[in-house]
Protein chains: 2
Amino acid sequence: MELLKLSNQLCFPLYALSRKITSHYLPILEKLGLTYPQYLVMLVLWDEHKLSVKELGERLMLDSGTLSPLLKKLQEKHLLTRTRSREDERVVLIELTDTGLSLKNMATGVPNDIMCSLQISIEEMDQMRKLASGMLEKLNQLEPA
Amino acid sequence: MELLKLSNQLCFPLYALSRKITSHYLPILEKLGLTYPQYLVMLVLWDEHKLSVKELGERLMLDSGTLSPLLKKLQEKHLLTRTRSREDERVVLIELTDTGLSLKNMATGVPNDIMCSLQISIEEMDQMRKLASGMLEKLNQLEPA
DNA sequence: TAAAATTAAATTGTATAAAATTTAATTGCA
DNA sequence: TGCAATTAAATTTTATACAATTTAATTTTA
């Protein structure tokens, strides 16, 4: 097999698929006034309400170089607050505002909207999610932070 | 199931995995002086040698907004040339240089290096590639360019 | 055939990503 | 205790992505 061909790479379909799926989120998230990475941050906050930038970065596998400006934008939208921790002044705590919490109600339809937009079955989605999650977990164990 | 949880999203593991895999390419491609998207462009050119920006964009699912600056950089590295087509002056033809062609020899080890770096089996890779490729193809048919 | 519509690239503007550096705070330990 | 090492965020720099607009060339069509 010709290994140096785009069609034989694993990386490419994964990279293209990820971008493609993100593009399907765009019109759906527009109603919420969120970009896709901003939506991911809100998903974490709807689940946990309050955590540090570092913890948020661990959940999303993003560093402060990406998160800092992103969180600043969400703060400007009044969806979250950023406060220095009293116990450790190095830590910045991110906390959901009431506005941020109430946005969750508007977001309940997003997962279903995406499934429709992608025309994908629950089974297909689950298979892919398990495969991707498993591979991701393995790679994270390979080189612990 | 709580649908608005990061762990239950398909999108997130795919997005994180794609970034993770790209990060594994970084040290490997460094030897070639290429970034990951630049490597993808070279993969296409090693296979086809000469094609228009539009055709390249179709192969990689990237638009001119992304490709134009990227191709400029590869031209500066003397890996390819950019020429206006005689038949249609709107078209810019991208062609591999000798330097660009000879870089292929240095890249022969990349696929194997990646497999080692990812600690992934051929079977696992094939399963994932087929699943991702299939889903990607279906999504592309959904809304034809 | 001349204006309108379309097309291909490039450009502009906005938003990530992520490596590397910087700053400030905390911890470990000699 | 005091200083070196570490840690958490932010900042800086470089490189994508991609929507929207612009420019120039080609096609379509009234």
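Just so we're clear, the structure is a prediction, and the values are computed from it rather than from any experiment. Numbered from 1 within each chain, the chains take letters A, B, ... in sequence-line order.
- From one end of the helix from C:dT1-D:dA30 to C:dA30-D:dT1 to the other, with five pairs defining each end axis, the axis direction shifts by 10° (rounded to 10°).
- Projected onto DNA chain C by closest heavy-atom contact, A:Arg90 and B:Val91 fall at different nucleotides, the more 5' of which corresponds to B:Val91.
- Applying the side-chain contact (heavy atoms from CB on, under 4.5 Å) test between B:Tyr15 and each of A:Ile21, A:Leu136, A:Leu60, A:Leu40 identifies A:Leu40 as the sole match.
- Counting heavy atoms from C-beta outward, A:Thr35 and A:Leu26 have side chains that stay 4.5 Å or more apart.
- Where B:Ser64 and B:Pro69 each meet DNA chain D at their nearest nucleotide, the meeting point lying more 5' is that of B:Pro69.
- With a 4.5 Å cut-off on side-chain heavy atoms, A:Cys11 and B:Thr22 do not count as touching.
- Contact annotation: the side chain of A:Lys104 never approaches that of A:Leu96 to less than 4.5 Å [non-hydrogen atoms, C-beta and beyond].
- Residue B:Val91 is found in a hydrophobic cluster whose other members, listed by chain and number, are B:Leu93; membership requires side-chain heavy atoms under 4.5 Å apart, directly or through intermediates.
- Here B:Lys72 does not reach the OP1 or OP2 of D:dT16: none of its side-chain N or O atoms lies under 4.0 Å away.
- Taking the six-membered ring where the residue is Trp, A:Tyr36 and A:Tyr25 present tilted rings, their angle falling between 30° and 60°.
- Considering only heavy atoms from C-beta on, B:Cys116 comes within 4.5 Å of B:Asn112 through its side chain.
- Per the geometry, CG belonging to B:Leu62 stands 11 Å off P belonging to D:dA19, to the nearest Å.
- The two residues A:Gln9 and A:Leu4 make their nearest non-hydrogen contact at NE2-CA, 4.0 Å.
- Using a 4.0 Å cut-off on heavy atoms, the residues of residues 73-88 of chain B that approach DNA chain D are B:Lys73, B:Glu87, B:Asp88, listed by number.
- Taking A:Arg129 as the reference, A:Asp126 meet the side chain to side chain donor-acceptor pair (under 3.5 Å) condition, with sequence neighbours excluded.
- A donor-acceptor pair shorter than 3.5 Å cannot be found between the side chains of A:Thr97 and A:His78.
- Residues B:Met135 and A:Met128 are in side-chain contact: their nearest non-hydrogen atoms beyond the backbone lie under 4.5 Å apart.
- Residue A:Leu70 is in sugar-phosphate contact alone, with no base atom involved, counting any heavy-atom pair closer than 4.0 Å across all strands shown.
- Comparing B:Leu67 and A:Asp63 by the nucleotide of DNA chain C that holds the closest heavy atom to each, the one mapping nearer the 5' end is B:Leu67.
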>> As a quick check of understanding, evaluate side chain to side chain contact (heavy atoms under 4.5 Å, CB included) for A:Met42 and A:Leu34, giving each step before the final call.
In response: CA-CA 9 Å; A:Met42 295 308 292; A:Leu34 296 174; 3.9 Å; yes
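- Of the residues in residues 16-52 of chain A, A:Arg19, A:Leu26, A:Ser52 come within less than 4.0 Å of DNA chain D through at least one heavy atom, sorted by number.
- Two residues are said to be in side-chain contact when any heavy atoms from C-beta on lie closer than 4.5 Å; B:Leu80 and B:Glu95 fail this criterion.
- Look at CG on B:Leu60: it is 12 Å from P on D:dT16, rounded to the nearest Å.
- Bounding nucleotides for the chain B contact on DNA chain C, 5' to 3', at a heavy-atom distance below 4.0 Å, are C:dT7 to C:dA19.
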